[in-house]
J.: 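The structure that follows is given in the form of structure tokens.
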2 protein chains.
Amino acid sequence: MPTTGVPRGTSARGQQRRQALLEAAAELIIEDGFSAVSHRGIAQRAELPLAATTYYFASLDDLLEQALRHLAASWLDQARSRLAQLPAHLNGQRRLAEAVLLVAIATPDGDERDAGQDGLALYERYLEAGRRPHLRTVVAAYNHEVDLMLREVLRRGGLPHDVRTARLLLAQVDGAMLRALAEGVDPVPVALAAVTDLVRLLSR
Amino acid sequence: MPTTGVPRGTSARGQQRRQALLEAAAELIIEDGFSAVSHRGIAQRAELPLAATTYYFASLDDLLEQALRHLAASWLDQARSRLAQLPAHLNGQRRLAEAVLLVAIATPDGDERDAGQDGLALYERYLEAGRRPHLRTVVAAYNHEVDLMLREVLRRGGLPHDVRTARLLLAQVDGAMLRALAEGVDPVPVALAAVTDLVRLLSR
DNA sequence: CTTGGACTTGTACGGTCGTACTACTTTCGG
DNA sequence: CCGAAAGTAGTACGACCGTACAAGTCCAAG
């Protein structure tokens, strides 16, 4: 269903333009943060006129919500493809911890990145959703999917794979990452150490 | 040292006004979020003219940094006073988990609040610090103090009280709180359950 | 070919923003 | 008591913002 009562952008070209705007918005969210995204910024990034942003989307809120949905979907896609590449049995706490990070952190190009600014967007979604109720369902659905994947990782590691444990893992990753990002430390090693500790506790 | 080379607000009245502005800014950060705070909003809240905000502070960034410092200090004060009221021995995993939350979460009026919007500011500091390097030291120092208090709580609970364990606890609280806030769930019970699980793992 | 609706886009409106500036008042050492 | 410095505050400037709108183009149905 379209964003307004009036049909907008139903043609092939229209859908292309919508998509271009959403991707531009997603990039800006990652680079500059949620609150720094504007109609004009999106239009410039997508190389489209300003008015295109108001033609295809009812409001900036609407655009941002759909952009977040787009982001979450691509994050999930990546996490799923990473999970698919993992072996059926994860031996060793270190290997298990690495697998947890692979599905819990959706960095753009794998773990080679230092995730300087990019990681922030991953967590800004929490804040933004807390403030804007209509984003909550998006985040809740995303987190639920991550829970499921983490349970699968736990299962492959021979650990208890109930929901509580999965949530424990995700919260640990989020908390450790966020702290490292805030303190200007490389977040991935910090999160890896934290998750390794937690995995060690779980396998006692 | 003053915020600029020129001495500003050294008089008694000047210091009062500075403080009023900082407190107004802190309240606005908590209520509306970091990015929604403006010179005009602060001035209105403090019942001072707009120009007072630019007279006492070199820039909005400067004002926000000092406001965050003010907030962190008051959070630490509260956490310290709560820690002081705790018994010397914390018996039981539930009691220990509650103690962890008491020092790790600086809600304004204790745990009676549902921490609807207020909790967000606690975590928005992470995001803002990640984006603005000069805020990192503030957050890092705050977190370090919380680490120390959590180690004391662990000690009173008869659990290993090294830094790693304290960081594990804080990350768990932060991750669980943030998720609950984002999903619109009452965050304190969620965090309590998560910390209880972690404490159970630690005391095995 | 015509015509009506979808699509496109330059432009403009009203608003808020950070900050600078200019007068005015208060304070206080000499 | 006075003059300089500090403090105070009203106002203005340029920039950016979300959004509305009118005038244009395009295209398929009649």
Side-chain angles (χ1 to χ4, degrees), chain A residues 1-22 24-25 28-29 31-68 128 131-132 134-135, chain B residues 1-22 24-29 31-68 128 131-132 134-135:
Chain A
M1 75 192 83
T3 59
T4 73
V6 189
R8 309 221 128 160
T10 55
S11 69
R13 174 177 160 128
Q15 287 186 10
Q16 269 187 349
R17 295 185 127 210
R18 284 181 86 90
Q19 204 65 16
L21 288 172
L22 286 180
L28 287 177
I29 288 175
E31 289 173 19
D32 304 329
F34 234 88
S35 62
V37 183
S38 69
H39 278 127
R40 287 168 178 81
I42 295 169
Q44 191 164 21
R45 170 69 69 116
E47 292 180 290
L48 288 176
L50 166 63
T53 62
T54 63
Y55 180 75
Y56 288 106
F57 300 92
S59 69
L60 187 61
D61 261 15
D62 177 34
L63 211 172
L64 289 179
E65 175 184 338
Q66 295 193 40
L68 181 64
E128 218 56 41
R131 237 176 270 282
R132 305 199 224 187
H134 62 284
L135 294 183
Chain B
M1 75 192 85
T3 58
T4 72
V6 190
R8 309 223 127 160
T10 55
S11 70
R13 175 178 162 126
Q15 287 186 10
Q16 269 186 350
R17 295 186 129 209
R18 285 181 85 93
Q19 205 64 16
L21 288 171
L22 285 181
E27 289 170 18
L28 287 177
I29 288 175
E31 290 173 19
D32 304 328
F34 233 88
S35 63
V37 183
S38 68
H39 278 128
R40 287 167 179 81
I42 295 169
Q44 191 164 21
R45 170 70 69 116
E47 293 179 288
L48 288 176
L50 166 62
T53 61
T54 62
Y55 180 75
Y56 289 106
F57 300 92
S59 68
L60 187 61
D61 261 15
D62 177 36
L63 211 172
L64 290 179
E65 176 184 338
Q66 295 193 40
L68 181 64
E128 219 56 42
R131 237 176 271 282
R132 304 199 227 189
H134 61 284
L135 294 183

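Lettering follows sequence order; numbering is per chain, from 1.
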J.: Send over the distance from B:Tyr56 OH to D:dA6 P, rounded to a whole Å.
T.: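 So the OH-P distance, B:Tyr56 to D:dA6, works out to 13 Å.
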J.: Taking CG from A:Asp62 and P from D:dT19, how many angstroms apart are they, rounded to a whole number?
T.: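 It works out to 10 Å between those atoms.
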J.: Rounding to a whole Å, what distance do you find between A:Leu60:CG and D:dA20:P?
T.: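 So the CG-P distance, A:Leu60 to D:dA20, works out to 12 Å.
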J.: In residues 40-51 of chain A, which ones come under 4.0 Å of DNA chain C, going by heavy atoms?
T.: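 Contacts with DNA chain C under 4.0 Å: A:Arg40, A:Pro49, A:Leu50, A:Ala51.
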J.: Could you go step by step and tell me if B:Arg17 and B:Arg13 meet the side chain to side chain contact (heavy atoms under 4.5 Å, CB included) rule?
T.: CA-CA 6 Å; B:Arg17 295 186 129 209; B:Arg13 175 178 162 126; 3.3 Å; yes
J.: Drop me the distance from B:Gln66's CD to B:Tyr56's OH, to the nearest 0.5 angstrom.
T.: 13.0 Å
J.: To the nearest Å, how far apart are B:Asp61 CG and C:dG18 C1'?
T.: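 Value for this atom pair: 11 Å.
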J.: Please list every donor-acceptor pair under 3.5 Å in which a side-chain atom of residues 40-49 of chain A meets a protein atom from a residue at least two apart or in another chain.
T.:
| unit_1 | atom_1 | unit_2 | atom_2 | d |
| --- | --- | --- | --- | --- |
| A:Arg45 | NH1 | A:Glu27 | OE1 | 2.5 |
| A:Arg45 | NH1 | A:Glu31 | OE2 | 3.4 |
| A:Arg45 | NH2 | A:Glu31 | OE1 | 2.7 |
| A:Arg45 | NH2 | A:Glu31 | OE2 | 3.3 |

J.: Between C:dT9 atom C1' and A:Leu21 atom CG, what is the distance in whole Å?
T.: 13 Å
J.: From B:Leu50 CG over to B:His39 NE2, what is the distance, rounded to the nearest 0.5 angstrom?
T.: 7.5 Å
J.: What are the two closest non-hydrogen atoms of B:Asp32 and A:Arg131, and how far apart are they?
T.: C-NH1, 3.6 Å
J.: Would you kindly give the CZ-to-P distance between A:Arg18 and C:dA6, to the nearest whole Å?
T.: 15 Å
J.: Answer yes or no: does a side-chain N or O of B:Arg17 lie under 4.0 Å from OP1 or OP2 of D:dA9?
T.: yes
J.: What is the separation between atom CG on B:Leu64 and atom P on C:dG18, rounded to the nearest whole Å?
T.: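 Answer to the nearest Å: 9 Å.
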J.: Both B:Ala52 and A:Thr53 contact DNA chain D. Taking the nearest nucleotide for each, which residue is further toward the 5' end?
T.: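 Looking at the nearest nucleotide for each, B:Ala52 comes out on the 5' side.
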J.: Hey, is the side chain of B:Arg13 poking within less than 4.0 Å of OP1 or OP2 on D:dT8, counting only N and O atoms?
T.: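 B:Arg13 to D:dT8 OP1/OP2: side-chain N or O found under 4.0 Å.
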J.: Looking for any heavy atom pair under 4.0 Å, which part of the strands does A:Ser38 touch: base, sugar-phosphate only, or nothing?
T.: sugar-phosphate
J.: How close or far is atom P of D:dG18 from atom CZ of A:Phe34, stated in whole angstroms?
T.: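 To the nearest whole Å, that distance equals 13 Å.
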J.: Can you tell if the side chain of B:Asp61 reaches within under 4.5 Å of the side chain of B:His134, non-hydrogen atoms only?
T.: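 Yes, close enough: below the 4.5 Å cut-off.
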J.: Can B:Leu64 and B:Arg132 be said to form a side chain to side chain contact (heavy atoms under 4.5 Å, CB included), step by step?
T.: CA-CA 11 Å; B:Leu64 290 179; B:Arg132 304 199 227 189; 3.9 Å; yes
J.: Is any side-chain nitrogen or oxygen of A:Tyr55 closer than 4.0 Å to OP1 or OP2 of C:dT8?
T.: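 A:Tyr55 to C:dT8 OP1/OP2: no side-chain N or O under 4.0 Å.
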